Amino acid sequence: MTEYIDNPRFPHTCRITRPADGGPMADQSDECVIYEGACRSFDDHTTNHRGEVVTSARKLSLPVRQQEWGGDMPIPVEGDSVCVCKGSHCEYGVVKDKMPGNLGTHILWEYVRE
């Protein structure tokens, strides 16, 4: 009997938010949801200029092409908050860079322990 292996392209869910721009009287807990949905999060092990491994960097792959950003869906920017749920646990961090392309968008983010 052949066993079916479930290996989706975007197995995780994520939420990218930024503080709402409601002026000086806005509630501090208000936030604007930039993206919420399917994603794939993975480690991006690189080295710094001294050769030390930097392990807090992560990448996030979103199924949103560069021409789909804009209008009602603003593109993520540096400083936005990231929450990635990987089934049994969630990871939190901050957007460091974005790389939209014609096949999807990659977000470079830094893991923040809470």
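Note that this is a predicted model, so its numbers are computed, not measured. Below, all heavy atoms of this structure are taken into account, side chains as well, without hydrogens, waters or symmetry copies.
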Once you round to the nearest 0.5 Å, how far does [atom1] of [X] lie from [atom2] of [Y]?
X    : Y    : atom1 : atom2 : answer
I5   : E3   : CD1   : CD    : 6.5 Å
H12  : S61  : NE2   : OG    : 11.0 Å
S41  : R58  : OG    : CZ    : 6.5 Å
H106 : K59  : NE2   : NZ    : 6.5 Å
D43  : Y111 : CG    : OH    : 10.0 Å
Y92  : W109 : OH    : CH2   : 10.5 Å

Side chains of [X] and [Y]: does their closest heavy-atom pair fall under 4.5 Å?
X   : Y   : value
V95 : V77 : no
V94 : V82 : no
I75 : K98 : yes
R18 : P74 : yes
D97 : E78 : yes

**Request:** Identify, with sequence neighbours excluded, every residue that meets salt bridge (Lys or Arg N to Asp or Glu O under 4.0 Å) alongside R50.
**Result:** E52

**Prompt:** Of the non-hydrogen atoms in C90 and C85, which two are nearest, and what is the gap between them?
**Reply:** SG-SG, 2.6 Å

**Message:** On a heavy-atom basis, which atom in I34 and which in M73 lie closest, and how many Å separate them?
**Reply:** O-CG, 3.9 Å

**NZ/NE/NH1/NH2 to OD/OE distance under 4.0 Å, K86 and E91** = yes

**Salt bridge flag under 4.0 Å for residues R15 and E31** = yes

**Prompt:** Under a single-linkage rule joining Ile, Leu, Val, Met, Phe, Trp and Tyr whose side-chain heavy atoms are separated by less than 4.5 Å, which residues share a cluster with F10?
**Reply:** none

**Asked** Which one of T13, L60, I16 satisfies the side chain to side chain contact (heavy atoms under 4.5 Å, CB included) criterion with V84?
**Response**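 Running side chain to side chain contact (heavy atoms under 4.5 Å, CB included) over T13, L60, I16 with V84 returns exactly one hit, L60.
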
**Request:** Could you point out which residue of V64, L62, T105, I107 forms a side chain to side chain contact (heavy atoms under 4.5 Å, CB included) with P100?
**Result:** T105

